[in-house]
J.: 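Handing you a structure now.
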Amino acid sequence: MTTELLNVEQLRTHFFTEKGTVTAVDDVSFTIHEGEIVGLVGESGCGKSVTSQSIMRLYDEYMVEYEGKIEFNGDNLLNYPIKKMQKIRGDAISMIFQDPLSSLNPVFTIGKQIAEPLMLHHKKSKKEAYERAVELLALTGIPSPEKRVHEYPHQLSGGMRQRAMIAVTLACEPKLLIADEPTTALDVTIQAQILNLMRDLNKKLQMGIIFITHDLGVVAELCDRVMVMYLGQIVEEADVKTLFEKPLHPYTRGLIKSIPQMTGERKLELSVIKGNVPSLTNKPKGCRFSTRCEFADEKCLEEMPPLKTHSDTKKVRCWHYEEIIAREEGGHVHASST
Ligand SMILES: Nc1ncnc2c1ncn2[C@@H]1O[C@H](COP(=O)(O)OP(=O)(O)OP(=O)(O)O)[C@@H](O)[C@H]1O
Ligand SMILES: [Mg+2]
């Protein structure tokens with residue numbers, strides 16, 4: 001798990017809107033390695049989808065400006081002409097969306113949608129491409145794939161459509177898969193099957209996966225590493241085990257405390273993080289989380305903390321996390337971490 005696949009450096013995504021320029025992703029840096037599954041979590045509106053769609057450059061170029069670097073296999077995708085970018089999309093980098101109908105074409109059979117890119121990008125004959133389509137549908141657990149391959153999206157159930165979309169996405173064996181809440185709309189048994197499938201394919205194809213979700217339970221089960229976003233920035237990054245065992249950022253600690261526990265004493269109320277995420281047009285001057293953080297002081301209100309390396313596998317964007325953890329654990333209060 002050492003080969004770098006994607007290296008995002010200081011990415012900023014600015015949208016030109018009627019209300020002026022809005023920066024939805026602000027100084028985001030991270031690396032994804034081959035074969036690694038990385039979770040991207042955070043409350044609604046924190047910039048998870050904008051981050052992933054920026055990597056694919058899916059926004060109309062006249063309404064967006066990107067800053068920074070998105071290096072894929074060593075090339076900066078932000079410098080690619082649109083034509084070259086289109087070749088990467090759906091081939092080396094693929095994306096799965098929450099709503100399969102938005103990415104399956106209603107007027108073509110499932111088989112055609114899998115076979116076309118294989119004929120186009122991978123120079124396969126029509127026969128070979130259709131054989132592969134049947135194989136892929138079988139791989140995603142669709143029953144009677146040789147029959148389904150000739151059907152249209154509306155003929156499939158919701159769960160099957162999601163699988164069909166995954167089959168379409170995986171047809172070209174992408175090096176990097178971005179899955180934006182791919183299972184949120186599905187019932188839990190199908191959700192579990194899709195997650196198993198993604199894990200299998202990740203192992204078989206050594207595909208890197210960015211898995212976007214609200215569901216920390218899914219993250220714990222599936223991911224190797226996790227990035228936590230808040231208001232356009234990554235506030236914590238860690239390997240999955242230590243993120244749950246020892247979260248550092250007050251926001252992450254709040255998110256984890258709000259997960260219902262199956263064991264131990266039943267609490268009457270789950271902890272919730274108070275308040276709401278501020279709007280992008282009214283961002284706090286200092287730490288983005290300062291308006292909701294019970295530990296915020298003058299410095300937090302005034303100065304934006306950097307994403308600091310805490311250890312080999314952990315980064316955190318908070319001025320005072322060491323003191324806060326020490327205080328909560330009833331230990332000694334160390335000098336400020338600044
Ligand atoms: N095309 C756009 N133009 C202007 N602002 C946008 C655009 N797309 C997204 N935004 C804004 O960027 C912010 C981040 O949105 P994003 O969709 O990335 O959130 P998210 O983390 O994916 O949330 P959710 O969990 O609800 O999917 C939001 O405030 C959103 O309103
Ligand atoms: Mg989203």
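Remember, it's 1-based here, ligands and their atoms both numbered in the order they're listed.
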J.: If we only count N/O pairs under 3.5 Å, is G47 in contact with ligand 1?
T.: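 The answer is yes, given that G47 and ligand 1 share an N or O pair closer than 3.5 Å.
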J.: Under the side-chain hydrogen bond (donor to acceptor under 3.5 Å, both in side chains) rule, collect the residues that match up with R288, sequence neighbours excluded.
T.: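 With sequence neighbours excluded, R288 shows a side-chain hydrogen bond (donor to acceptor under 3.5 Å, both in side chains) to D26, given in chain and number order.
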J.: Backbone or side chain, does any N or O of M63 fall under 3.5 Å from an N or O of ligand 1?
T.: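 N/O-N/O distance below 3.5 Å does not exist for this pair.
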J.: Below 3.5 Å, N or O to N or O, backbone or side chain included: is there any such pair between S44 and ligand 1?
T.: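 Between S44 and ligand 1, an N or O pair is found under 3.5 Å apart.
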J.: Could you pull out, from G45, G42, S49, the option with a heavy atom nearest to atom 14 (C) of ligand 1?
T.: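 It is G45 whose heavy atom sits nearest to atom 14 (C) of ligand 1.
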J.: Taking side-chain hydrogen bond (donor to acceptor under 3.5 Å, both in side chains) as the criterion, tell me which of H310, K314, R225 meets it with E237.
T.: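 Testing each of H310, K314, R225 against E237, the sole residue satisfying side-chain hydrogen bond (donor to acceptor under 3.5 Å, both in side chains) is R225.
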J.: Under 3.5 Å, N or O to N or O, is H214 touching ligand 1 that way?
T.: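 There is such a contact, yes.
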J.: What about Y59: any of its N or O atoms under 3.5 Å from an N or O on ligand 1?
T.: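 In fact, backbone or side chain, Y59 has no N or O that close.
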J.: Under 4.5 Å between any side-chain heavy atoms of I110 and R148, yes or no?
T.: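 No, their side chains stay 4.5 Å or more apart.
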J.: Number the atoms of ligand 1 from 1 as they appear, then name those within less than 4.0 Å of a heavy atom of T17, with their elements.
T.: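 Per the distance check, 4 (C).
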J.: Can you confirm whether more than 12 heavy atoms, excluding those of K48, are under 6.0 Å from its NZ atom?
T.: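 For K48, atom NZ is crowded (more than 12 foreign heavy atoms under 6.0 Å).
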J.: Before we go on, tell me: are the rings of F295 and Y321 under 6.0 Å apart, centre to centre?
T.: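 Between Y321 and F295, which both carry aromatic rings, the centre distance is not below 6.0 Å.
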J.: Determine whether any protein heavy atom is located less than 4.0 Å from atom 22 (O) of ligand 1.
T.: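 Flag for atom 22 (O) of ligand 1 set to true, protein heavy atom closer than 4.0 Å.
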J.: Looking at atom 10 (N) of ligand 1, what's its closest protein heavy atom, distance included?
T.: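 For this ligand atom, the closest protein heavy atom is F15 CE1, 3.9 Å.
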J.: For S52 and D180, which heavy atoms make the closest approach, and how far apart are they?
T.: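 Nearest heavy atoms, S52 then D180: OG-OD2, 4.0 Å.
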J.: Is the number of heavy atoms from other residues, nucleotides or ligands within 6.0 Å of CG (D312) greater than 12?
T.: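 For D312, atom CG is not crowded (no more than 12 foreign heavy atoms under 6.0 Å).
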J.: Side chain or backbone of M229 under 4.0 Å from ligand 1, or both, or neither, by non-hydrogen atoms?
T.: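 No part of M229 comes within reach of ligand 1.
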J.: If you scan the protein for heavy atoms around atom 30 (C) of ligand 1, do you find one that is closer than 4.0 Å?
T.: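 Within 4.0 Å of atom 30 (C) of ligand 1, no protein heavy atoms are found.
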J.: So Y251 and H249, would you call those rings parallel, tilted or perpendicular, with 30° and 60° as cut-offs?
T.: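 It falls in the perpendicular class, over 60°.
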J.: Ring-plane angle category for Y230 and F289, please: parallel below 30°, perpendicular beyond 60°, tilted otherwise.
T.: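 If you compare the ring of Y230 with that of F289, the planes turn out perpendicular.
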J.: Around atom CD of E61, are there more than 12 heavy atoms of other residues, nucleotides or ligands at under 6.0 Å?
T.: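 Atom CD in E61 is crowded, with more than 12 foreign heavy atoms closer than 6.0 Å.
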J.: The Mg ion (ligand 2) to S44: any N/O/S contact under 2.8 Å?
T.: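 It does not: S44 brings no N, O or S atom closer than 2.8 Å to the Mg ion (ligand 2).
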J.: Under 4.0 Å from a heavy atom of L280: which atoms of ligand 1 are those, numbered in the order shown and with their elements?
T.: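 Near L280, the atoms of ligand 1 are 11 (C), 12 (O), 13 (C), 29 (O).
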J.: Is there at least one pair of N or O atoms, one from A24 and one from ligand 1, spaced under 3.5 Å apart?
T.: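 No - when backbone and side-chain N and O of A24 are compared with those of ligand 1, no distance drops under 3.5 Å.
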J.: Considering heavy atoms of the protein only, find what lies nearest to atom 25 (O) of ligand 1 and give residue, atom and distance to 0.1 Å.
T.: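 The closest one turns out to be K48 NZ, 2.8 Å.
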J.: Quick one: look at V50 and ligand 1, take heavy-atom pairs under 4.0 Å, and tell me if it's side chain, backbone, both or neither.
T.: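 Both backbone and side chain.
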